[in-house]
There are 2 protein chains.
Amino acid sequence: MFLFMANAHLANMLAFFKALSDESRLKIIGTLANSERSVEEIATLLDLKAPTVSHHLAKLKALDLLSMRTEGTTHLYRLNMEPLRALSKQMLAVEALAIEEDDTIHYEAWELKILTDFFEGERLKEIPASRKKREVVLRWLAEKFDREKRYSEKEINSIIGRHHPDFATLRRELIGGALMERKDGIYWRKEAQN
Amino acid sequence: MFLFMANAHLANMLAFFKALSDESRLKIIGTLANSERSVEEIATLLDLKAPTVSHHLAKLKALDLLSMRTEGTTHLYRLNMEPLRALSKQMLAVEALAIEEDDTIHYEAWELKILTDFFEGERLKEIPASRKKREVVLRWLAEKFDREKRYSEKEINSIIGRHHPDFATLRRELIGGALMERKDGIYWRKEAQN
DNA sequence: TTCTTAATTTGATATCTATCTAATTAGATA
DNA sequence: TATCTAATTAGATAGATATCAAATTAAGAA
C-alpha cells in the first residue's frame, strides 16, 4: 500500500514519447522551428481549430518543450530545444530502461511505525515536528503524485488536502525537501537521486 | 494542401515515436537491453499475456527495432540498436524537419487566406483589428510602392486611397510598422530586414 | 498419426485522446 | 461603459489501440 512505483527513467521517456507521438504536435513543432507563432496562425497553417491547437500546445508546454510570451491578447509560442536534446541523449541509454526488479520504496520498520503513528488511514493526524519524522511523512505524500504528470498548484493543494488541511505548509516542505520541483506555477515530482 | 504531402522526416519520426510511446513496449525494450528473450519470458516479466506481447513485438519488429531467431518453437527476440541511434540523431533534426517542410508556402497560404478575407478585388473591405492580420494587409499595401521611388504625402494618400478610404490611418501604420519611412515630407519604402 | 507446447491471429471490449462546437476568460479598443 | 478579438476551458464524440480469451498455426515428441 505504501509501495510501488515505476522506473523513473521509463516514466520520463514515456511522457516525452507520448507528447511527440502525434502528427499534429510534430507539425506544430515544425512550424515553431524557425519562428514564434500565435495560436491562430498555427491553426491556419495546420488546418485545425484554435481549441485543438491550444490543447496540443498545453501538452507540449507541460513538458517544457515550448515557452510562451503574450503580446496583447495573442499568445506567441516558441520552441525550447534543450529538452529535445536531453531526450535525444537519453534514448541511447536503453540500459536505463532495464527493469529493476525492486524499484519499490522500502519502508524500514521504524518508518512504518512513524507512518502508523501519524496516520489515521489516509489522513495525517498532525505534521511531525521532528525533521526526521517529517521526512518520512513527506516521502509518503510524494508517492501520491505521478512522476509523469505535471500539476498546477490547485491540483497539488487538492491532493495534499485529502490528507491534511494545511496543504500550504506541506506543499512548501515538499519543495524544500527536494521531493518536488516547481517552475512557472507547474509542479512535478523530482527524480529520485541515488 | 501541401501539408498533406508526406514529409519523409515527419512520417518517419512519427512512426518511431508512436512505437515508443507505450509503456509496455518501453518495458519490453528494457527486458531486451541485456539479453535476448522469448515471448513467454517477456510476458511473465511484464505480467502480460502472450498475445499482448506478440502484438507489441510485431510493432517494434515492423520498425526494425527488434530481430528474431527461432529455436524449436520458441522465438527469441533481441534488440537492434542501430535504429535507435538513428532516431536519436534525427530528433535533433526536428529543426531540419521543419525547414524542409516548405515554410514559405505555408506562410503564403495563410497570408492568402487573410488577403482574400479582407479584400474584394483590390479594395480593402476593412482594416483588420488584429495586429497579425493587419501586418499582412500592410505588407500587401507596401508592395504597391516602388523601392526606388520617393513619394510625396499626396501621392501616398492617392495610392493607398485606391484600396481604402482611410488612407491616413493606413499611411501611419505603414510607418509605424516599419514598412515605410518618412523624412521632411518625403516617403519611401524601407528595406526588408530579415 | 496424435499430443503437446510456443507463438500468432482473430475478435471483442474498454480505455484513451484528438478533434470539434459552445461557453468562458481576458486584453484591447472604441 | 460595451464591444471586439484571441485564447482557453468544458463537454461531447469518434477513432485508435492495448489488452485479453478463444481459435489457429507451427514444430517437435510420442
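Per chain, numbering begins at 1; letters A, B, ... match sequence-line order.
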Sugar-phosphate, base or nothing in reach of B:Thr70, heavy atoms under 4.0 Å: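 Result for B:Thr70 = nothing.
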B:Ile175: partners by side chain to side chain contact (heavy atoms under 4.5 Å, CB included), with sequence neighbours left out: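 Testing B:Ile175 for side chain to side chain contact (heavy atoms under 4.5 Å, CB included), a comparison that skips the adjacent residues, returns B:Met180, B:Arg182, B:Tyr187.
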Partners passing side chain to side chain contact (heavy atoms under 4.5 Å, CB included) against A:Glu82 (at least two apart in sequence or in another chain):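 So A:Glu82 forms a side chain to side chain contact (heavy atoms under 4.5 Å, CB included) with A:Asn80.
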[X] has an atom [atom1]; how far is it from atom [atom2] of [N], in whole Å?
X: B:Leu48; N: C:dT8; atom1: CG; atom2: P; answer: 14 Å
X: B:Glu23; N: C:dC16; atom1: CD; atom2: C1'; answer: 14 Å
X: B:Asp166; N: C:dA30; atom1: CG; atom2: P; answer: 11 Å
X: B:Lys18; N: D:dA18; atom1: NZ; atom2: C1'; answer: 15 Å

Inspect the contact between [Y] and [X] and indicate whether a charged nitrogen and a carboxylate oxygen are less than 4.0 angstrom apart.
X: B:Glu143; Y: B:Arg139; answer: no
X: B:Arg171; Y: B:Glu153; answer: yes
X: A:Glu71; Y: A:Arg69; answer: yes

Side-chain heavy atoms of A:Lys18 within contact of A:Phe16, under 4.5 Å: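 No, side chains not in contact.
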Below 4.0 Å: OP1/OP2 of D:dT19 and any side-chain N or O of B:His56: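 Yes, because at least one side-chain N or O of B:His56 sits under 4.0 Å from OP1 or OP2 of D:dT19.
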Phosphate-side-chain proximity, A:Lys59 and C:dA18, N/O vs OP1/OP2 below 4.0 Å: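 It does, given that an N or O in the side chain of A:Lys59 lies less than 4.0 Å from OP1 or OP2 of C:dA18.
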Using the 3.5 Å cut-off, write out each protein N or O paired with an N or O of nucleotides 4-11 of chain D and the distance between them.
from  : atom 1 : to       : atom 2 : distance (Å)
D:dA6 : OP1    : A:Glu40  : OE1    : 3.3
D:dA6 : OP1    : B:Ser130 : OG     : 3.4
D:dA6 : O4'    : A:Thr73  : OG1    : 3.0
D:dA7 : OP1    : A:Val39  : N      : 3.3
D:dA7 : OP1    : A:His75  : N      : 3.1
D:dA7 : OP2    : A:Glu40  : N      : 2.9
D:dA7 : O3'    : A:His75  : ND1    : 2.8
D:dT8 : OP1    : A:His75  : ND1    : 3.2
D:dT8 : OP1    : A:Tyr77  : OH     : 2.4
D:dT8 : OP2    : A:Ser54  : OG     : 2.3
D:dT8 : O5'    : A:Ser54  : OG     : 3.3

Of B:Glu71 and B:Asp22, the one whose closest DNA chain D nucleotide lies more 5':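 In this pair, the answer is B:Asp22.
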Most 5' of B:Asp47 and B:Gly72 on DNA chain D, judged by nearest nucleotide: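 Result of the comparison: B:Asp47.
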Residue matched to C:dA30 through Watson-Crick or wobble contacts both under 3.5 angstrom: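 Partner of C:dA30: D:dT1.
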